[in-house]
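A quick note: this is a predicted structure, and the numbers were derived from the prediction, not measured. Below, each value reflects all heavy atoms present in this structure, side chains not excepted, and no hydrogens, waters or symmetry copies. Sequential numbering from 1 along the given sequence is applied to the chain's residues.
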Amino acid sequence: MTTFSKVVERLGGDFPTGAFGRTYRIWRAVADFSSVLTWHDLNTVIGRGRLEPPRLRLHRDGELIPWQRYATAVTTRRNVVWQRIQPSGLHNQLHDGASLVLDAVDELHQPAERLAQVLEAVFRGRVQINVYASWTATEGFGTHWDDHDVIVVQLEGAKRWRLYGPTRLNPLHRDTEAPEPPADEPIEEIVLRAGDMLYLPRGWWHAVAATEGRSLHLTCGLQTTTGADLLGWLSDRLRTSETVRAHLPVFASPQEQAAYLELLRKEVADALHDGAIGDFLTTRDGIEPGRPMPSLPFVDAVPARDVLHARLTTARAQLTDNGQGQVVLVAGGEEWTFAPPVRAVLSPLLDGSSLPLGRLAETSGLTVGQVAGLVTELVHANVAAVSEP
């Protein structure tokens, strides 16, 4: 099994119904995660990218460290000002107990992007992966809570997690009130070591610190999907209704207003049928833009070359049959209908795999040219990408 398939395996079983959204879960020795991000990878990303604060930032004892202590303002010839990381200042701050945070490393490093895509397929929502690195037992953020669920992957070293539980169930980013502070003593204290994985629901107060020298871990933030999202989608769908589109009876009698509300109540109740959640998720999967990627140098058509690799850039594309023997692909807000042999081309790509055109042609019985034409259509729709080996 691959590292990513081991992650998916752990997120199966009783986890979705027993723990997801309810309580924390720990998995020990899941896999060797070193291939996802190494110190060399992190050095390369920081050294070659303009990772200005706050995307790259340092924290110590719950306080954000001013960027001037580890970066220098640079003005380009086009009068653009940016903050260049100074390695010596960065090293000094980290040595003195700061924790390093790098947001959205999945947009900068391909193995991390692959992990994000795997999680997006499991949870059917957007995932952002942040890097956390520390060298001392100093807590970078103090005791805090997040407004989204997280999957934590420990890459190297060890991290002590003090878990206090929630003081407000299911808090939101835009909420009506803030959670109260937790009790002084945690309900659980755990140590994550390299290869371990942790799930923590939103709203759970926690404090984190390295325990044995340096530590490197990834926090995968999961897009929160709530009843508010369902109702927002339902509101848009109901615009097809004449009742919903009608003027609100502001100046009508109380009896007329009550009659209108009864009609509206029935429209909403009918829309909230037993399959409404499934319909909502399927619709959202179909319009998810994914992670668009250019296919340079092929700016026109994808050439019919066996060795070129193709992949879908959304992890939530839907592939079904239309009942007439044809294959239907829904991705990135568009829909295509293909002949049956195309299923053998698209099915292996649904999990985010990158495969040679030659292999896709061989397994489908199509020519490489036909596969290249199909991929060209998807590239032009921003749901696929090709690359040279």
Restricting to side-chain contact (heavy atoms from CB on, under 4.5 Å), what partner residues turn up for [X], sequence neighbours left out?
{"X": "His95", "result": "none"}
{"X": "Pro340", "result": "none"}
{"X": "Leu350", "result": "Leu312, Ala317, Leu319"}
{"X": "Ala259", "result": "none"}

Pairing residues for Trp135 by the ring pair (Phe, Tyr, Trp, His ring centres under 6.0 Å) criterion, not counting sequence neighbours
Trp39

Taking ring pair (Phe, Tyr, Trp, His ring centres under 6.0 Å) as the test, write out the residues that go with His144, two or more places apart.
Phe141, His206

Would you please test Phe338 and Leu346 for side chain to side chain contact (heavy atoms under 4.5 Å, CB included) and show each step?
CA-CA 10 Å; Phe338 298 110; Leu346 297 175; 4.1 Å; yes

Besides Val208, the hydrophobic cluster formed by Ile, Leu, Val, Met, Phe, Trp and Tyr side chains linked at under 4.5 Å, directly or via other members, contains Tyr24, Ile26, Val150, Val152, Trp161, Leu163, Ile187, Ile190, Leu192, Leu198, Leu200, Trp204

Transitive ILVMFWY cluster of Tyr164, excluding itself - 4.5 Å side-chain cut-off
Trp145, Trp205

Under 3.5 Å, which donor-acceptor pairs do the side chains of residues 217-243 form with other protein atoms, sequence neighbours left out?
residue : atom : partner : partner atom : Å
His217  : ND1  : Lys159  : NZ           : 3.3
His217  : NE2  : Thr219  : OG1          : 3.3
Gln223  : OE1  : Arg126  : N            : 3.0
Thr224  : OG1  : Asp147  : O            : 3.4
Thr225  : OG1  : Arg284  : NH1          : 3.0
Thr225  : OG1  : Arg284  : NH2          : 2.8
Thr226  : OG1  : Ala228  : N            : 3.2
Thr226  : OG1  : Asp229  : OD2          : 3.4
Asp229  : OD2  : Thr226  : N            : 2.8
Asp236  : OD1  : Arg239  : NE           : 3.4
Thr240  : OG1  : Arg237  : O            : 3.1
Ser241  : OG   : Thr243  : N            : 3.1
Ser241  : OG   : Val244  : N            : 3.3
Ser241  : OG   : Glu267  : OE1          : 3.4
Ser241  : OG   : Glu267  : OE2          : 3.0
Thr243  : OG1  : Glu267  : OE2          : 3.4

Heavy atoms of other groups near Gln68 CD, more than 12 under 6.0 Å:
yes

Only pairs under 3.5 Å count here: list side-chain donor-acceptor contacts from residues 79-88, not counting sequence neighbours, and write none if there are none.
none

Donor-acceptor pairs under 3.5 angstrom involving side-chain atoms of residues 4-12: please list them, not counting sequence neighbours.
residue : atom : partner : partner atom : Å
Ser5    : OG   : Thr2    : N            : 2.8
Ser5    : OG   : Thr2    : O            : 2.9
Ser5    : OG   : Thr2    : OG1          : 3.1

Here the pair of heavy atoms bringing Ala137 nearest to Ala209 is O-CB, 3.3 Å

Going by the ring-ring contact (aromatic ring centres under 6.0 Å, His included) test, which pairs reach into residues 287-311, not counting sequence neighbours?
none

